[in-house]
S.K.: 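My questions will all concern the structure given below.
When a residue number appears, it is its place in the shown sequence, counting from 1.
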Amino acid sequence: MRKIVVNSVKDLVVNRSRNKRSLISYGCYTFASSSPFLSRFLYTVSDPVAMSATSESTPAVTLGNINPKVLQCEYAVRGEIVSIAQRLQQELKTSPGSHPFDEILYCNIGNPQSLGQQPITFFREVLALCDHPTILDSPEAASLFSSDSIQRAWQILEQIPGRATGAYSHSQGVKGLRDTIAAGIEARDGFPADPDDIFLTDGASPGVHMMMQLLIRSERDGILCPIPQYPLYSASIALHGGTLVPYYLNESTGWGLEVSELKKQLDASRAKGITVRALVVINPGNPTGQVLAEDNQRDIVEFCKQEGLVLLADEVYQENVYVPEKEFHSFKKVARSLGYGDKDIALVSYQSVSKGYYGECGKRGGYMEVTGFSAEVKDQIYKLASVNLCSNIAGQILASLVMSPPKVGDESYESYSAEKDGILKSLARRAQMLEAAFNSLEGVTCNRAEGAMYLFPRIELPHKAIKAAEALNKAPDAFYCIRLLQATGIVFVPGSGFGQVPGTWHFRSTILPQEELIPAIIERLTKFHQSFMAEFRA
């Protein structure tokens, strides 16, 4: 084919030199003889060497010419260590017995159902009926499904245009489902919620990206983020070209959030010419597991009001509180209890169906409640949501169910409550077992997991281990986690992926492996740690 094209173009070049015309035709195309495009085209295709170099030697996309913001973006919970784990898992499949363990235990990410957690029956019944509504007309429906799941499915289908879960919805989400969520927020907080303030999203992450797109204009715009932080925030800030302004949680006080630290970092950034736009607070904490006291939350709200900051409240673990002396309070409830309304503070609250006791990560459901923004700005947020058309309908339905589960008197209430309580109580026991195990290891200290799904132990690594890591160009905690994975099949995420006080090292572990597996995990971890410390202690 190339020979035909080259020969044809050679004829065109000859004809051009003979005719000296101002216009040259080639097939269905006509070019001016002086056209720069034509000159470049003729030079390239009449020179087979140049043509070969252009088409075969230089890739169209390289690391040198992609968006540099993509290169700056990192997401540790699915980074290098997970790639190694997936390779080892494949090796175990193709060559059983090739490693000193027979399975990979993914303790790197909050993905409950992948580790054996069962979905909530009521939620799945309603989803099944909504996705296949002909079942509702079947005489067997009443014997297969609870009466309240049937009733709820009819109610939801009536709210969806065309009763079609496979169709697009309003870009903020189905109006009836937003009404249900707003009622759930009001019941939780004791203050009104407006369904027009709610944007249904595919999990919480798209809502975070939308707000970063809205707020970040250049690298001179900063977002205050906790350190340690969930890498979604650093990644999103990098992708949108902003500056992460770190504030450090106090490990010695159980990962406390101190307003004096916020003020210190805010003032330092402003002195450098950074315009700080927003404050991110994760409560309960990820990766640190702390639950903020209500007094602390009041101080944070006052700080944001005084400094003119948008408060981005990541509250996706609001159901995951494990200690009796702590209780979840939404930042919206705290702000309203202080007497602050929409004109006083801009607040965005995030919720997700991926966490809590439900763990429906793959369904990709969630919402953000956007308050304190003008109508003109909310129109721009709506425009951003419209670019993606809408979030998936199954996730929207689940978000409404999470905020409006079965109530006392409903047929499903007892089984729903038993499933919910069983999951949350087991998570609390698992957290306690792992916390005690970490604290028993040489050089390891671990704060209590008050909530969320993680522990974030600190590890004092021997100098020899740090030097060995440096020789491999690895962070010391990443070196430890890789060695742990290769010896035991356990996947932890190094603390360096979340940020930490310089000179300290940590790792994050979920508390999600099934309860009966925890003793075996602890045994493997303990044996490895003793061997590792003995190897590098001298």
S.K.: Are a donor atom and an acceptor atom from the side chains of Gln530 and Glu442 found within less than 3.5 Å of each other?
M.R.: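 No.
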S.K.: Pair Phe328, Asn283 - check side-chain contact (heavy atoms from CB on, under 4.5 Å), show working.
M.R.: CA-CA 8 Å; Phe328 170 78; Asn283 180 48; 4.1 Å; yes
S.K.: Does this structure show an ion pair linking Arg448 with Glu325, if we count only N-O contacts that are shorter than 4.0 Å?
M.R.: yes
S.K.: Using only heavy-atom distances, determine whether the side chains of Ser146 and Ser412 contain a donor-acceptor pair under 3.5 Å.
M.R.: yes
S.K.: Is there a donor-acceptor pair under 3.5 Å between the side chain of Gln297 and the backbone N or O of Val334?
M.R.: no
S.K.: So, the side chain of Ser352 versus the backbone of Gly203: is there a donor-acceptor pair under 3.5 Å, distance only?
M.R.: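 Not confirmed, Ser352 side chain does not pair with Gly203 backbone.
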S.K.: May I ask you to decide whether Arg298 forms a salt bridge with Asp295, counting only side-chain N to carboxylate O separations under 4.0 Å?
M.R.: yes
S.K.: Give the intermediate values and the outcome of side-chain hydrogen bond (donor to acceptor under 3.5 Å, both in side chains) for residues Gln265 and Glu261.
M.R.: CA-CA 6 Å; Gln265 299 297 342; Glu261 169 69 5; 3.0 Å; yes
S.K.: Check the side chains of Tyr317 and Tyr454 for a donor-acceptor pair under 3.5 angstrom, ignoring hydrogens and angles.
M.R.: yes
S.K.: In this structure, which one of Gln351, Gln396, Arg178 forms a side-chain contact (heavy atoms from CB on, under 4.5 Å) with Tyr367?
M.R.: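 By the side-chain contact (heavy atoms from CB on, under 4.5 Å) criterion, Tyr367 pairs with just one of Gln351, Gln396, Arg178: Gln351.
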S.K.: Please determine whether a side-chain nitrogen of the Lys or Arg among Glu523 and Lys527 lies less than 4.0 Å from a carboxylate oxygen of the Asp or Glu.
M.R.: no
S.K.: Is the backbone N or O of Pro287 less than 3.5 Å from a side-chain atom of Arg508, with the two atoms forming a donor-acceptor pair by type?
M.R.: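 Judged by distance alone, no pair lies under 3.5 Å.
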S.K.: With no hydrogens and no angle check, do the side chains of Tyr233 and Asp314 hold a donor and an acceptor under 3.5 Å apart?
M.R.: yes
S.K.: Go through the steps to decide whether Ile300 and Leu292 satisfy the test side-chain contact (heavy atoms from CB on, under 4.5 Å), and finish with yes or no.
M.R.: CA-CA 10 Å; Ile300 293 165; Leu292 296 178; 4.0 Å; yes
S.K.: Do Glu302 and Tyr340 meet the criterion of a side-chain donor-acceptor pair at a distance under 3.5 Å?
M.R.: yes
S.K.: Using side chain to side chain donor-acceptor pair (under 3.5 Å) as the criterion, point out the one residue from Lys363, Glu360, Gln118 that pairs with Gln113.
M.R.: Glu360
S.K.: To the nearest 0.5 angstrom, please state how far the NE2 atom of His329 sits from the CD atom of Gln318.
M.R.: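 Reported value, rounded in 0.5 Å steps: 12.5 Å.
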S.K.: Donor-acceptor check, side chain of Asn320 to backbone of Gly356, threshold 3.5 angstrom: yes or no?
M.R.: yes
S.K.: Between the side chain of Ser236 and the main-chain N/O of Leu232, is any donor-acceptor distance below 3.5 Å?
M.R.: no
S.K.: Which heavy-atom pair separates Ala431 from Leu455 by the least distance, and what is that distance?
M.R.: O-CD1, 3.8 Å
S.K.: Considering all heavy atoms of both residues, which atom of Ser404 and which atom of Thr180 are nearest to each other, and what is their separation?
M.R.: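 Closest approach of Ser404 to Thr180: CB-CG2, 3.5 Å.
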S.K.: Under 4.0 Å between a side-chain nitrogen and a carboxylate oxygen: does that hold for Arg152 and Glu125?
M.R.: no
S.K.: Could you go step by step and tell me if Ile227 and Val501 meet the side-chain contact (heavy atoms from CB on, under 4.5 Å) rule?
M.R.: CA-CA 8 Å; Ile227 298 296; Val501 172; over 6 Å; no
S.K.: Verify side-chain hydrogen bond (donor to acceptor under 3.5 Å, both in side chains) between Ser426 and Arg430, making sure each step is shown before the conclusion.
M.R.: CA-CA 6 Å; Ser426 177; Arg430 285 177 256 178; 3.0 Å; yes
S.K.: Answer yes if the side chains of Glu369 and Ser349 hold a donor-acceptor pair under 3.5 Å, and no otherwise.
M.R.: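 Result is no, nothing qualifies.
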S.K.: For the pair Glu315 (side chain) and Phe331 (backbone), establish whether a donor and an acceptor sit closer than 3.5 Å, ignoring hydrogens and angles.
M.R.: yes
S.K.: Enumerate donor-acceptor pairs with a distance under 3.5 Å from any side-chain N or O in residues 475-490 to protein atoms, sequence neighbours excluded.
M.R.:
residue, atom, partner, partner atom, Å
Asp477, OD1, Ser496, OG, 2.9
Asp477, OD2, Gly495, N, 3.3
Asp477, OD2, Ser496, N, 3.0
Asp477, OD2, Gln500, NE2, 2.9
Tyr480, OH, His529, ND1, 2.8
Arg483, NH2, Glu535, OE1, 2.5
Arg483, NH2, Glu535, OE2, 3.4
Thr488, OG1, Leu484, O, 2.7
Thr488, OG1, Ile490, N, 3.1

S.K.: If we ignore hydrogens and angles and just use 3.5 Å, is the side chain of Asn296 paired with the main-chain N or O of Leu257 as donor and acceptor?
M.R.: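 Indeed, once roles are kept as given, a pair shorter than 3.5 Å links the two residues.
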S.K.: Please determine, by modelled atom types, if Arg364 and Ser354 share a side-chain donor-acceptor pair under 3.5 angstrom.
M.R.: yes
S.K.: For Ile466 versus Leu461, what's the shortest heavy-atom pair and its separation?
M.R.: CD1-O, 3.8 Å
S.K.: So which atom in Pro494 and which in Ile81 form the shortest heavy-atom distance, rounded to 0.1 Å?
M.R.: CD-CD1, 3.4 Å
S.K.: More than 12 heavy atoms of other residues, nucleotides or ligands under 6.0 Å from CD of Gln151: yes or no?
M.R.: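 Check fails, neighbour count at 12 or below.
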S.K.: Is there a donor-acceptor pair under 3.5 Å between the side chain of Asn439 and the backbone N or O of Cys446?
M.R.: yes
S.K.: Enumerate the ring-ring contact (aromatic ring centres under 6.0 Å, His included) contacts for residues 455-476, please, sequence neighbours excluded, ordered by first and then second residue.
M.R.: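 Passing the test, one end in residues 455-476: Trp255-Phe456, Phe456-Phe498, Phe456-His506.
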S.K.: Given 3.5 Å as the limit, does a donor-acceptor pair link the side chain of Tyr413 with the main chain of Pro405, or not?
M.R.: no
S.K.: Can we say Lys467 and Glu470 salt-bridge, meaning some charged N sits less than 4.0 Å from an Asp/Glu carboxylate O?
M.R.: yes
